[in-house]
Amino acid sequence: MTDWAKFIQAKIKLARKGAAPSPAALDARTPPGQHLVTNFPVLDLGIRPKITRDTWRLRLFGLVPREVTLDWAALSRLPQVKTVSDFHCVTRWSQLDMHWEGVLARELVMLAQPAPEAHFVTLHGYDEYTTNLPLAALLDADVLIAHGVSGKPLSDEHGGPVRLVVPKRYGWKSAKWLAAIEFHAQDRPGFWEVRGYHNDADPWREERFGYPAQREA
Ligand SMILES: Nc1nc2c(c(=O)[nH]1)N[C@H]1C(S)=C(S)[C@@H](COP(=O)(O)O)O[C@H]1N2
Ligand SMILES: [Mo]
């Protein structure tokens with residue numbers, strides 16, 4: 001009898017705190033060749049543009065009927081969402097369950113109304129960084145124009161005030177200090193893509209390098 005009581009108490013305790021995921025469950029969320037971290041490392045070209053919410057602008061240009069420029073107030077008026085997603089860097093760290101806050105990238109695509117022949121985008125950072133994606137990838141429900149992480153405004157080193165987050169691709173597709181989204185008909189490889197990184201960057205397929213293989217950033 002007393003054993004039962006103990007058992008029930010233990011169960012209630014577990015239910016309250018939520019069981020820790022088993023190693024197998026974590027494995028299922030960790031792409032091949034990655035290890036888990038919890039400290040959210042910083043990775044960039046080392047140029048930290050000093051942009052604030054007051055000076056930040058986001059330009060939507062290229063194959064659009066007319067250019068759109070958003071400032072912080074305009075971004076704030078769009079529907080705000082919170083997402084939870086995993087982040088995988090090609091330098092082999094992954095951080096699970098990152099809590100982001102921002103606006104779905106698809107909201108901005110709807111604002112820009114790109115021409116039917118616009119199948120690709122280039123993301124431009126204030127540090128002159130670029131990266132490319134198919135337009136369809138931006139429309140994914142987990143792709144965020146993020147201005148907050150872990151319940152706080154996005155810090156300068158992580159690309160604040162506003163960055164892109166593309167959970168299904170390696171981190172280099174998640175442009176920090178987002179300055180512009182350019183729409184075009186043909187795909188245009190970005191900063192790392194012209195330096196040997198894979199064009200598609202799917203961590204589950206280990207699309208780290210194109211050919212020829214070069215060093216990791
Ligand atoms: N503008 C810009 N965005 C960037 C980079 C950069 O150098 N400049 N580095 C990319 C790389 S390689 C990674 S792994 C992630 C890292 O984001 P974090 O520094 O917030 O961890 O940002 C990506 N976005
Ligand atoms: Mo990276």
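For reference, positions follow the sequence shown, starting with 1. We count ligands from 1, going down the list as the structure has it; atoms in each ligand are counted the same way.
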> Which of the atoms in ligand 1, numbered in the order shown and given with their element, are less than 4.0 Å from a heavy-atom of Trp93?
Replying inline: 21 (O)

> ligand 1 versus Tyr170, non-hydrogen atoms closer than 4.0 Å: side chain, backbone, both, neither?
Replying inline: neither

> Ser94 and His88: side-chain donor and acceptor closer than 3.5 Å?
Replying inline: yes

> Among Trp177, Phe61, Tyr129, whose ring-ring contact (aromatic ring centres under 6.0 Å, His included) with His124 holds?
Replying inline: Phe61

>> Is Ser174 close enough to touch ligand 1? Criterion: a residue heavy atom under 4.0 Å from a ligand atom.
In response: yes

> Is there side-chain contact between Lys176 and Val42, with heavy atoms separated by less than 4.5 Å?
Replying inline: yes

>> Using a 4.0 Å cutoff against the non-hydrogen atoms of Ala175, which atoms of ligand 1 qualify?
In response: 3 (N), 24 (N)

>> Ser150 vs His99, test: side chain to side chain donor-acceptor pair (under 3.5 Å). Steps then yes/no.
In response: CA-CA 5 Å; Ser150 309; His99 288 63; over 6 Å; no

> For atom 14 (S) of ligand 1, which candidate among Ala146, Gly160, Ser155, Cys89 holds the nearest heavy atom?
Replying inline: Cys89

> Going by heavy atoms, is Arg163 under 4.0 Å from ligand 1?
Replying inline: yes

>> Is there a polar contact between ligand 1 and Trp177, counting only N or O atoms under 3.5 Å apart?
In response: no

> What are the atoms of ligand 1, with element, lying closer than 4.0 Å to any heavy atom of Asp44?
Replying inline: 6 (C), 7 (O), 9 (N)

>> I need the atoms of ligand 1 closer than 4.0 Å to a non-hydrogen atom of Pro41, numbered in the order shown.
In response: 18 (P), 19 (O), 21 (O)

> If you measure every N/O of Val42 against every N/O of ligand 1, is any gap under 3.5 Å?
Replying inline: no

> What part of Tyr197 sits under 4.0 Å from ligand 1 if we count only heavy atoms: the side chain, the backbone, both or neither?
Replying inline: neither

> Which class fits the ring pair Phe87 and Trp93: parallel under 30°, tilted 30 to 60°, perpendicular over 60°?
Replying inline: parallel

>> A side-chain contact here means heavy atoms from C-beta on lying under 4.5 Å apart; do His158 and Val149 qualify?
In response: no

> Would you call Val81 and Glu101 a side-chain contact if the rule is heavy atoms closer than 4.5 Å?
Replying inline: no

>> Are there over 12 heavy-atom neighbours, none belonging to Arg205, within less than 6.0 Å of that residue's CZ?
In response: no

> For ligand 1, is any non-hydrogen atom under 4.0 Å from Trp172's backbone (N, CA, C, O), its side chain (CB onward), both, or neither?
Replying inline: both

